[in-house]
Protein chains: 2
Amino acid sequence: MFNIDLTSRVPIYEQLYKKTVELVMKGILKEQTQMPSVRSLAKELGVNPNTVAKAYQQLEHDGIIYSVAGRGSFISKINHQELKEYAFEDFDKAVIDALKASVTVDELCDRIKNIGEGFRND
Amino acid sequence: MFNIDLTSRVPIYEQLYKKTVELVMKGILKEQTQMPSVRSLAKELGVNPNTVAKAYQQLEHDGIIYSVAGRGSFISKINHQELKEYAFEDFDKAVIDALKASVTVDELCDRIKNIGEGFRND
DNA sequence: GAAAGTGTATTATCCGTAGTAGTACACCCA
DNA sequence: TGGGTGTACTACTACGGATAATACACTTTC
């Protein structure tokens, strides 16, 4: 569920953050759902508890989860539109970079449609 | 021309690489155009010559420029379609991430069109 | 009340990468 | 010959990611 890539250049805590957002967007993690504990998830992934804690703290900072000492971490009441905006951040940068490199809007749209056709979201 | 952002999280040599590709795509840097020397560009940007050299070496490795000891570095014969593919690499990743987060193809295209309207490439 | 599990905090350490600094070499050209 | 070129090398610093080992306060459960 929270599978990560230890060889990736993307930091583990950032992968965990994004993965959580994904699961929320897909409706797999619903409001009030309890997240795995810091220690158990760390053990499952084979990473340090501090790394998981860092991801959780950023998720809480952004209002995606809330944590209670002694009880655990839980999915917050989600504003899906807000999360979508978050998902757009990296996308916007990539679009601007492509436009800078003289790629046209139409080319990008075509590209997306091609990618979308072969994409299965599960 | 080769303005870079020293505060960015993106490594300087990578910024230089991308900037060069941009300038080639725009037709500003044409085949056989001489690049600034490693030392002069380093001085101009206020960075270490090694950092510029690293960017040049990657550009040469990817066939975008060619370097001749004692003479300088020059823009190669460019396959623009190939360069465009390079520009698409980061873009594709961003698209896939967005799709994973349950954003639709149509939403992405609309997003691009909005960005494209307010975009001036100079 | 005790124990186990929770998030949180702290400190120290290791490691890889980016970047700097300095130097040296072989090359080309005027 | 001298100055400019790319290239190579070593040493060093700085920073962030990640680990390791504790410790603490809290909640839940028995």
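Note on naming: letters A, B, ... go to the chains in the order of the sequence lines (proteins, then strands), and numbering restarts at 1 for each one.
When the side-chain nitrogen and oxygen atoms of Lys54(A) are compared with OP1 and OP2 of dG17(D), one or more of them lie within a distance under 4.0 Å. Listed pair Arg71(A) / dT28(D) meets the phosphate criterion, a side-chain N or O lying under 4.0 Å from OP1 or OP2. The shortest distance between the side-chain N/O atoms of Ser37(A) and the OP1/OP2 oxygens of dG5(C) is not below 4.0 Å. Side-chain nitrogen and oxygen atoms of Thr51(B) include none within less than 4.0 Å of the OP1 or OP2 phosphate oxygen of dA18(C). Taking side-chain N and O atoms only, Tyr13(B) has no distance below 4.0 Å to OP1 or OP2 of dG19(C).
No contact: Gln15(A) has no heavy atom under 4.0 Å from any strand. Within the 4.0 angstrom heavy-atom criterion, only backbone atoms of the sugar-phosphate kind lie near Ser73(B); the bases stay farther away.
Rounded to a whole Å, the CG atom of Asn48(A) is 15 Å from the P atom of dC15(C). We find that CG of Asn50(B) is positioned 12 Å from C1' of dA11(D), with the value rounded to whole Å. Gln58(A) has its CD atom 16 Å from the P atom of dG7(C), to the nearest Å. In this structure, CZ of Arg9(A) is placed 17 Å from C1' of dC15(C), rounded to the nearest angstrom. Counting to the nearest Å, the P atom of dT6(C) and the CG atom of Leu41(A) are 11 Å from each other. One interatomic measurement links the two molecules: CG of Asp5(A) to C1' of dG17(D), which rounds to 15 Å at whole-angstrom precision. Going from atom CD of Glu14(A) over to atom C1' of dA18(D) covers 14 Å, rounded to whole Å. Between the P atom of dA8(D) and the CD atom of Glu60(B) lies a distance of 9 Å, rounded to the nearest Å.
The two atoms that bring Asn121(B) and Lys100(A) nearest to each other are ND2-O, 3.4 Å, heavy atoms only.
By the 4.0 Å N-to-carboxylate-O rule, Glu82(B) lies too far from Lys77(B) to be salt-bridged with it.
Side-chain contact of Tyr66(A) with Gln32(A): a donor-acceptor pair under 3.5 Å is present, judged by distance alone.
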* **Chi angles and distances behind the side-chain contact (heavy atoms from CB on, under 4.5 Å) call for Met35(B), Phe2(B)** => CA-CA 11 Å; Met35(B) 294 283 285; Phe2(B) 285 93; 3.8 Å; yes
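In terms of polar N and O atoms assigned as donor or acceptor, the side chain of Arg39(B) comes within less than 3.5 Å of the base of dG6(D) in a complementary pairing.
Judged by closest nucleotide on DNA chain D, Ala69(B) is the one of Ala69(B) and Pro49(A) placed further toward the 5' end. If you find the closest nucleotide of DNA chain D to Ile12(A) and to Gly70(A), the one lying nearer the 5' end belongs to Ile12(A).
Picking from dG7(C), dA18(D), dC28(C) the nucleotide with the shortest atom distance to the side chain of Pro11(A) gives dA18(D).
Between the side chain of Glu107(A) and the backbone N or O of Thr104(A) there is at least one donor-acceptor pair closer than 3.5 Å.
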